Number of protein chains: 2
Amino acid sequence: MPTKSPKKETLLPQLLEIFRTIGYEAASLSKISELTGLGKASLYHHFPKGKQQMVEEVLVFVENWMYENVFFVLRSEDKVENKLEKMCNALHGLYNGGKSACLIGALTYSEILNQSLSKLKNTLEIWAKDLEAVFMEAGKSKEESKDLAEEILITIQGSLIISKAQNKKSVFTRQLQKIKDILN
Amino acid sequence: MPTKSPKKETLLPQLLEIFRTIGYEAASLSKISELTGLGKASLYHHFPKGKQQMVEEVLVFVENWMYENVFFVLRSEDKVENKLEKMCNALHGLYNGGKSACLIGALTYSEILNQSLSKLKNTLEIWAKDLEAVFMEAGKSKEESKDLAEEILITIQGSLIISKAQNKKSVFTRQLQKIKDILN
DNA sequence: GTCTATATAATGATAGAC
DNA sequence: GTCTATCATTATATAGAC
């Protein structure tokens, strides 16, 4: 893995916050410039291909975050009861306890989707597979494991939307708690 | 209720389809013009305040649809076991069996949200209340009814997103079936 | 009610100085 | 690596003919 510039290390989380809050199209370069404190030309220095490159690198950033904080945990040698709890705690941080939206959701309702769809699909599928493995490790059947995994992804995405639409963070945190309790 | 012009009757479903597919900001007037077959000036004739008015009228259109096809059913004198099934069948139509997205989701990840948030929140709350009443009618406790209602909204929103992101309509239809089965 | 033509502002993007 | 200045393009929106 190539060493990233220190600037990008701070830039990518900022861009993630922008894209998942107002979406891809509404995030104009002027707005990005204003919110990051960097001039447009500076942004193009870091991302020569413009917005498209920004969102693609943010997707990689999120993908890496998922590997380090979710997939790593789900694949660890930890006790199976702890895995879901640790995943939920990580997600609580990623989504600011339900305050921040999910990039997947933000991009799903966007034109950019077609171009980045394969990476998105891939991350979701890995997540589903890893969750499925956890449930099988816990003694569930293959079918039930697959089902539970899918339901968890649905619940996370759905509760983030309802949470945001109703402006109630508790909707998200309550669902996280339910996920933690599945194996207890 | 004032009589709508016949033109708008065909225009609003088209606009709904556009907004929920590519989102609010990506739906430029040129694109709307192209997809509806109407010139920009004609669009401004029907919606003098432009895109903002379009999305607001689409929201009313969807709200009315929900009253006629979902809230009406949930409040009817029908047998309680049939209500969820009829709701799911209606939603299957609204979302083209998982192919089409949800306007709520599309607008939640958009800048326009702040202005239309109250109407959106309101519709979601009515939906939740009506569902809650159905479950209480079926003999569930107040607490469990509230919980089930919230879970249904979450599942619908979440499965639509996962369905679209993974390009698998079956994800949505499977969740609809589960909702139908709750009271069986 | 629809159109063509146009005004005006904002967009993504680049050149070149520092 | 950042900036100011600027470009072509596209955006929203309007005027006025039919």
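Everything numeric in this text was worked out from a predicted model, so none of it was measured. Reminder, nothing fancy here: chain letters follow the sequence lines and each chain counts from 1.
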inquiry  = Using the rule that Ile, Leu, Val, Met, Phe, Trp and Tyr join whenever any side-chain heavy atoms are under 4.5 Å apart, tell me whether A/Ile126 and A/Val73 fall into a single cluster.
reply    = no

request  = Measure the angle between the two terminal helix axes of the helix from C/dG1-D/dC18 to C/dC18-D/dG1, five base pairs each, and quote it to 10°.
outcome  = 10°

query = Does B/Lys8 make a cation-pi contact with B/Phe47, if we ask for NZ or CZ under 6.0 Å from the ring centre and within 45° of the axis?
reply = yes

note = Whole-Å distance, A/Glu34 CD to C/dT11 C1', equals 15 Å

message = For a quick test of reading the model: is some side-chain N or O of A/Lys40 closer than 4.0 Å to OP1 or OP2 of D/dT2?
response = no

ask   = Mind checking what makes side chain to side chain contact (heavy atoms under 4.5 Å, CB included) contact with A/Lys49, not counting sequence neighbours?
value = A/Gln53

request  = Say whether A/Val60 and A/Val70 are linked into one hydrophobic cluster, either directly or through other cluster members, by side-chain heavy-atom distances under 4.5 angstrom.
outcome  = no

Any side-chain heavy-atom pair of A/Asp147 and B/Lys178 under 4.5 Å = yes

query = Taking atom P of D/dA13 as reference, at what distance in whole Å does atom CG of B/Leu38 sit?
reply = 17 Å

query = By side chain to side chain donor-acceptor pair (under 3.5 Å), which residues pair with A/Glu17, not counting sequence neighbours?
reply = A/Arg20, A/Ser100

query = What residues in residues 41-51 of chain B put a non-hydrogen atom under 4.0 Å from any atom of DNA chain C?
reply = B/Ala41, B/Ser42, B/His45, B/His46

query = Rounded to the nearest Å, what distance is computed from the CG atom of residue B/Leu29 to the C1' atom of nucleotide C/dT8?
reply = 14 Å

request  = Return the value, rounded to whole Å, for the distance between atom CD1 of B/Ile32 and atom P of D/dA11.
outcome  = 11 Å

A/Glu34: side chain to side chain donor-acceptor pair (under 3.5 Å) partners, not counting sequence neighbours = none

request  = Using a cut-off of strictly less than 4.0 Å, decide whether B/Ser30 has a side-chain nitrogen or oxygen near OP1 or OP2 of D/dT10.
outcome  = no

message = Closer than 3.5 angstrom, by distance alone: can the side chain of A/Lys40 be matched with the main-chain N or O of A/Leu29 as a donor-acceptor pair?
response = no

Contact under 4.0 Å: A/Lys31 side-chain N or O vs C/dA10 OP1/OP2 = no

ask   = Is the shortest side-chain N/O distance from A/Ser28 to OP1 or OP2 of C/dA10 below 4.0 Å?
value = no

ask   = Quick one: side chain to side chain donor-acceptor pair (under 3.5 Å) partners of A/Lys142, sequence neighbours excluded?
value = A/Glu132

